[in-house]
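Report on the structure given below.
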Amino acid sequence: MASIPYDDRDGYIWMDGEFVAWRDSKVHILTHALHYASAVFEGERAYGGKIFRSLDHSQRLHNSARIMGFEIPFTVEQLEEAKREALAKSGLDSAYVRAIAWRGSEMMGVSAQNNTIHLAVAVWAWGDYFADKMKGIRMTHAEWRRPAPDTAPCHAKAAGLYMICTLSKHAAEKAGYADALMLDYRGQIAEATGANIFFVRDNVLHTPTPDCFLNGLTRQTAIKLARARQIEVVERAIMPDELASFSECFITGSAAEITPVAEIGAHVYKPAEISHALVDDYTRLVNGKMELAL
């Protein structure tokens with residue numbers, strides 16, 4: 001996976017309404033989000049100087065904040081303008097964009113009702129999430145499961161929900177894999193550590209119903225691309241014992257884009273017609289060479 005070049009950045013971060021030099025951006029050590037994970041974020045990609053589905057990301061960030069019990073003190077349009085300015089200031093045409101909102105440092109403790117809510121946008125160059133992704137990545141099985149909807153705010157893109165993703169991905173990489181397949185609290189297939197998942201059987205796409213994990217924007221885009229090709233898409237509960245019955249598999253996410261999967265544990269898949277077609281369609285779409293109602 002491509003690294004994120006923090007140390008040698010000479011650029012700027014948009015923070016609370018103004019630009020701050022990358023190296024001079026500071027967050028207090030007693031920031032509530034650092035101790036209690038009261039932060040929400042978005043990961044976005046820009047292609048040819050334009051952020052793909054930018055407005056949808058900005059709206060989702062605001063919605064995630066509300067689910068987490070706070071209001072972002074900048075409107076959706078102000079966030080949109082901040083992202084446009086940050087991208088322009090970076091001088092990058094193709095880039096990764098990270099917007100994040102968090103509770104500040106005025107109160108320390110589980111309760112932090114009066115803490116200032118901060119908002120920042122960072123932009124940097126980031127290539128493919130997975131190296132040589134068209135060969136298909138190798139995945140293993142995660143020990144950790146996605147929690148039930150009544151135990152965690154699963155429809156918010158909240159920082160705390162990624163703790164088990166980090167644990168699962170670290171374990172996978174230590175074992176020589178690129179990622180891990182996570183089950184949900186019921187034992188059903190859920191997603192990868194940072195991306196949704198799709199399977200192909202008899203030219204039909206199958207994908208888990210996102211009832212306890214995020215319904216990703218790239219997931220939604222992939223479904224629309226498939227249906228535009230008259231490919232049937234079935235959203236349903238998928239059990240682990242079905243893994244052997246599928247011929248193709250791929251994952252979707254703003255960072256991962258559409259990435260074929262070659263292996264999940266003992267199960268082998270071959271990126272074929274549907275995977276290649278959707279990767280190609282997605283590439284054309286995000287680069288403005290294809291139109292699709294989103």
Side-chain angles (χ1 to χ4, degrees), residues 4-6 9-46 49-92 95-126 152-163 165-166 194 214-218 253-255:
I4 304 172
Y6 289 119
R9 289 291 298 177
D10 294 319
Y12 294 85
I13 292 174
W14 185 95
M15 184 177 293
D16 291 336
E18 61 182 15
F19 281 97
V20 180
W22 185 280
R23 293 187 181 91
D24 294 336
S25 60
K26 294 180 176 64
V27 176
H28 197 285
I29 193 65
L30 295 183
T31 292
H32 193 267
L34 179 61
H35 296 260
Y36 298 102
S38 53
V40 295
F41 70 95
E42 287 293 317
E44 312 171 41
R45 279 193 184 269
K50 184 178 180 181
I51 301 170
F52 183 62
R53 300 197 67 166
S54 180
L55 181 59
D56 293 325
H57 281 287
S58 294
Q59 291 172 336
R60 187 171 67 179
L61 185 74
H62 272 257
N63 187 57
S64 293
R66 293 187 188 103
I67 293 173
M68 292 291 289
F70 62 85
E71 289 287 332
I72 296 173
F74 295 88
T75 66
V76 167
E77 182 47 48
Q78 286 175 315
L79 175 55
E80 284 289 282
E81 181 60 27
K83 290 192 293 184
R84 288 190 291 266
E85 290 182 6
L87 180 60
K89 202 171 185 67
S90 75
L92 298 170
Y96 186 79
V97 180
R98 172 57 57 92
I100 183 168
W102 69 96
R103 292 187 189 274
S105 58
E106 290 84 359
M107 297 176 66
M108 173 47 62
V110 173
S111 177
Q113 301 282 4
N114 297 321
N115 286 27
T116 299
I117 305 303
H118 299 276
L119 177 66
V121 177
V123 176
W124 65 87
W126 194 2
C154 61
H155 297 299
K157 196 169 176 67
L161 294 175
Y162 284 79
M163 176 183 65
C165 300
T166 296
L214 209 62
N215 180 12
L217 294 174
T218 310
S254 293

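A quick note: this is a predicted structure, and the numbers were derived from the prediction, not measured.
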| request: Mind telling me whether Trp124 and Tyr96 have parallel, tilted or perpendicular rings, with 30° and 60° as the class edges? | output: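 Tilted: the ring planes of Tyr96 and Trp124 meet at 30° to 60°.
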Any side-chain heavy atom of [X] sitting closer than 4.5 Å to one from [Y]?
X     : Y      : answer
His57 : Leu61  : no
Tyr36 : Met108 : yes
Glu71 : Ile117 : no

For the [atom1] atom of [X] and the [atom2] atom of [Y], what is their distance to the nearest 0.5 Å?
X      : Y      : atom1 : atom2 : answer
Lys26  : Met15  : NZ    : CE    : 10.0 Å
Arg45  : Ile51  : CZ    : CD1   : 12.5 Å
Ile100 : Leu119 : CD1   : CG    : 9.5 Å
Thr116 : Phe70  : OG1   : CZ    : 12.0 Å
Asn115 : Trp102 : CG    : CH2   : 12.5 Å
Cys154 : Ile67  : SG    : CD1   : 8.5 Å

| message | If you count every heavy atom of other residues, nucleotides or ligands that lies below 6.0 Å from Glu77 atom CD, does the total exceed 12? | response |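 It does: Glu77 CD has more than 12 such atoms within range.
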| request: Count the heavy atoms of every other residue, nucleotide or ligand shown that sit under 6.0 Å from CE of Met163, and state whether that count exceeds 12. | output: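 No, CE of Met163 has 12 or fewer neighbouring heavy atoms, counting only those of other groups under 6.0 Å.
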Given 3.5 Å as the limit, does a donor-acceptor pair link the side chain of [X] with the main chain of [Y], or not?
X      : Y      : result
Thr31  : Leu34  : no
His32  : Ala39  : no
Ser64  : Lys157 : yes
Ser254 : Gly43  : yes
Thr166 : Tyr162 : yes

Heavy-atom closest pair, residues [X] and [Y]:
X      : Y      : value
Ala95  : Leu87  : CB-CD1, 4.0 Å
Arg60  : Gly216 : NH1-CA, 4.0 Å
Phe74  : His62  : O-CE1, 2.7 Å
Ala65  : Ile72  : CB-CG1, 3.7 Å
Val123 : Trp22  : O-CZ3, 3.7 Å
Leu161 : Ala152 : CD2-CB, 3.7 Å

| said: Just by distance, no angles: are the side chains of Glu42 and Ser58 close enough, under 3.5 Å, to form a donor-acceptor pair? | reply: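 Side-chain D/A pair, Glu42 to Ser58: absent.
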| query | So which of Lys83, Arg98, Arg53 actually passes salt bridge (charged side-chain N to carboxylate O under 4.0 Å, His left out) with Glu44? | reply |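 Per the salt bridge (charged side-chain N to carboxylate O under 4.0 Å, His left out) rule, the option paired with Glu44 is Lys83, out of Lys83, Arg98, Arg53.
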| Steps toward side chain to side chain contact (heavy atoms under 4.5 Å, CB included) verdict (Phe19, Glu85) | CA-CA 9 Å; Phe19 281 97; Glu85 290 182 6; 3.5 Å; yes
| task | Scan for salt bridge (charged side-chain N to carboxylate O under 4.0 Å, His left out) pairs involving residues 106-119, sequence neighbours excluded, and state none if there are none. | result |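 Counting only pairs at least two positions apart or across chains, no salt bridge (charged side-chain N to carboxylate O under 4.0 Å, His left out) contact touches residues 106-119.
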